[in-house]
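What you see is a predicted model, and the numbers here were worked out from it, not measured in a lab.
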Number of protein chains: 2
Amino acid sequence: MLKRREKSERLPAAARRAQLIEVGRAVFAKKGFEATSVEEIAEQAKISKPIVYEHFGGKEGLYAVIVDREVEHIVGRIVEAVATGSARERLERAVIAYLSYVKERPDGFAVLLRDAPSAAPRGEMPALMYDLADKVGDIFTQQFRDAGYDAKAAPIYAHALVGMVAFVGQWWTETRRPPPAEVVAAHVGALAWMGLRHLPKKPTLQK
Amino acid sequence: MLKRREKSERLPAAARRAQLIEVGRAVFAKKGFEATSVEEIAEQAKISKPIVYEHFGGKEGLYAVIVDREVEHIVGRIVEAVATGSARERLERAVIAYLSYVKERPDGFAVLLRDAPSAAPRGEMPALMYDLADKVGDIFTQQFRDAGYDAKAAPIYAHALVGMVAFVGQWWTETRRPPPAEVVAAHVGALAWMGLRHLPKKPTLQK
DNA sequence: ACAGTAGCTTACGTCAGCGTAGGTTTGAGG
DNA sequence: CCTCAAACCTACGCTGACGTAAGCTACTGT
């Protein structure tokens with residue numbers, strides 16, 4: 001019963017690099033940064049450990065590359081989605097962009113969600129979301145001011161909106177027989193839009 | 001320059017246990033489960049490592065106790081909040097309960113938020129939230145059916161709602177000069193309520 | 001045919017961190 | 001004063017995982 005690595009093709013550097021990124025993404029997604037060992041990634045890629053060091057300098061290096069790529073991916077999609085159209089269209093297209101990212105790259109999504117290395121307070125994804133919400137908050141603040149609402153409440157609504165999308169996205173990936181992204185986006189868009197349109201000038205607690 | 005532990009009081013077992021839970025919560029909150037060492041907890045508590053093992057059997061043991069307590073805390077508060085009142089009152093009181101938990105026990109909150117040990121797909125908090133959203137989804141499904149809306153969309157709204165609260169809560173703990181919990185709850189309540197009340201029977205994508 | 005290089009391997013040094021064995025201090029009660 | 005138990009400590013064994021040294025293999029071009 002001796003453990004033998006199946007022999008695998010020799011690959012040119014670029015291809016090996018690409019493969020390691022793929023494999024690494026999968027493993028980091030499944031176990032998180034801390035719990036992942038370089039050995040395991042090497043094993044999955046059917047090569048030996050030093051190769052990983054050759055290409056990425058170590059665990060953090062590989063991780064950084066993976067995260068960077070994923071951030072590019074998702075930010076790119078969302079930026080593209082909100083480039084044109086009415087405010088509500090932009091919202092709904094952003095939701096669709098987010099959902100399709102999440103569906104198409106579940107491992108990347110998981111990596112972004114998880115704890116980053118070195119005791120970071122949150123994963124990359126929550127951090128991105130938070131920043132995004134802050135930006136949305138700035139826009140809302142202006143709009144609220146113009147419309148005579150309490151501008152100090154704008155960040156609340158901005159974070160609520162982003163949180164809504166983030167959470168629905170998570171549900172959407174995990175539920176069996178998920179509805180099409182467009183349907184989800186339409187519902188989320190409706191909820192947000194109707195909610196925001198019908199806000200009282202000064203909300204007060206019930207009872 | 002020799003490193004010497006300041007001598008500390010001897011404590012009866014119960015008190016030491018309590019102290020270790022406090023200290024452990026703080027350290028786990030700051031570094032996450034994997035990155036925390038038993039040594040560090042012992043050091044912070046001004047005792048030596050084996051004491052931790054005596055009381056909790058190890059890192060996982062201590063962690064489990066801490067998480068369990070926090071879950072009790074937050075679930076208890078929310079259950080109490082939704083015990084009575086109109087639907088909207090319950091919602092707003094649940095938000096207040098959540099926010100005050102988050103504010104009063106930031107370390108506990110952080111522990112629940114972070115990755116659990118052993119490659120769990122998410123932290124305890126997201127898991128709790130997800131379960132909660134599923135429950136809300138069941139309620140919504142019934143309501144939607146009665147009101148002639150598409151019942152299949154109910155989970156979307158339920159998760160949206162919970163996500164909204166979760167995310168706003170996170171923002172609220174981290175923002176400087178946060179508004180009072182009641183104000184936040186009123187805004188979130190208004191957004192959700194107005195949004196849900198004015199939903200079209202069949203939302204469709206804009207454009 | 002053979003040199004040179006890209007791709008890869010085995011084997012190791014090192015260290016952090018878990019968990020434990022066994023002994024030491026402190027104080028309370030007879 | 002002596003016993004005994006609770007609280008605590010020092011010191012160690014061991015594993016897993018990072019990162020590196022040194023050398024092997026197979027392809028490519030002349």
Side-chain angles (χ1 to χ4, degrees), chain A residues 2-24 26-66 114-119, chain B residues 2-24 26-28 30-67 114-119:
Chain A
L2 72 164
K3 207 163 126 200
R4 200 85 211 91
R5 179 159 53 232
E6 314 165 25
K7 90 144 172 252
S8 76
E9 291 278 316
R10 274 188 172 208
L11 293 182
R16 185 62 78 196
R17 227 183 114 87
Q19 182 215 13
L20 283 174
I21 290 172
E22 297 264 310
V23 170
V27 179
F28 283 131
K30 197 164 122 218
K31 326 242 287 192
F33 179 82
E34 304 275 3
T36 295
S37 75
V38 175
E39 292 252 0
E40 177 163 2
I41 292 169
E43 197 175 321
Q44 298 264 346
K46 308 224 173 87
I47 50 155
S48 67
K49 216 177 11 154
I51 306 289
V52 178
Y53 286 88
E54 251 172 46
H55 284 287
F56 302 97
K59 194 159 78 153
E60 297 236 20
L62 175 56
Y63 184 81
V65 170
I66 290 169
R114 281 182 175 279
D115 265 13
S118 76
Chain B
L2 73 166
K3 207 164 125 197
R4 200 84 210 92
R5 178 156 54 231
E6 314 166 24
K7 91 145 171 254
S8 75
E9 292 277 318
R10 273 189 172 209
L11 293 181
R16 185 61 77 196
R17 226 182 114 87
Q19 183 216 12
L20 283 174
I21 290 173
E22 297 264 310
V23 170
V27 179
F28 283 131
K30 196 164 123 219
K31 326 242 288 191
F33 180 81
E34 304 275 4
T36 295
S37 75
V38 175
E39 291 252 2
E40 177 163 3
I41 292 169
E43 197 175 321
Q44 298 263 347
K46 307 223 173 89
I47 53 159
S48 67
K49 216 177 12 156
I51 306 289
V52 179
Y53 286 87
E54 250 171 48
H55 284 287
F56 302 98
K59 194 159 78 154
E60 296 235 21
L62 175 56
Y63 184 82
V65 170
I66 290 169
V67 166
R114 281 182 173 279
D115 265 14
S118 75

Margin query: Tell me the interatomic distance from A:E9, atom CD, to C:dT9, atom P, rounded to whole angstroms.
Written below: 13 Å
Checklist line | Value in whole Å for how far the P atom of C:dT10 lies from CD of A:E43 | finding: 12 Å
Checklist line | d(CZ, A:F56; P, C:dG7) in whole Å | finding: 13 Å
Check: With sequence neighbours left out, what residues match B:A64 under side chain to side chain contact (heavy atoms under 4.5 Å, CB included)?
Finding: none
Note to self: The criterion is side chain to side chain donor-acceptor pair (under 3.5 Å); which residues satisfy it with B:Q44, sequence neighbours excluded?
What the structure shows: none
Check: B:I51 CD1 to C:dT20 P: how many Å, rounded?
Finding: 14 Å
Item checked: A:E54: side chain to side chain donor-acceptor pair (under 3.5 Å) partners, not counting sequence neighbours -> none
Notebook entry, point to check: Once you round it to whole Å, what is the distance between C1' of C:dT9 and NE2 of A:H55?
Noted result: 14 Å
Next item on the list: Identify the heavy atoms of B:I41 and B:V23 that sit nearest to each other, and give their distance.
Entry: O-CG1, 3.7 Å
Check: Are OP1 or OP2 of C:dA6 and a side-chain N or O of A:R16 less than 4.0 angstrom apart?
Finding: no
Checklist line | Non-neighbouring partners of A:E39 that pass side chain to side chain contact (heavy atoms under 4.5 Å, CB included), sequence neighbours left out | finding: A:S37, A:K49
Checklist line | Nucleotide-resolved protein contact map, nucleotides 14-23 of chain D, B/S/- at heavy-atom distance under 4.0 Å | finding: ---SBBBB--
Next item on the list: Using whole Å, report how far CZ of B:R17 lies from C1' of D:dA7.
Entry: 16 Å
Next item on the list: Under the side chain to side chain donor-acceptor pair (under 3.5 Å) rule, collect the residues that match up with B:E40, sequence neighbours excluded.
Entry: B:K31
Check: Could you write nucleotides 24-30 of chain D as a row of B, S and -, 5' to 3', where a protein heavy atom under 4.0 Å of any base atom gives B, of only sugar-phosphate atoms gives S, and otherwise -?
Finding: -BS----
Note to self: Under the rule for side chain to side chain contact (heavy atoms under 4.5 Å, CB included), what residues qualify as partners of A:A29, not counting sequence neighbours?
What the structure shows: A:D107, A:A110, A:V111
Check: Please, which pairs that meet ring-ring contact (aromatic ring centres under 6.0 Å, His included) have at least one residue in residues 34-58 of chain A, sequence neighbours excluded?
Finding: none
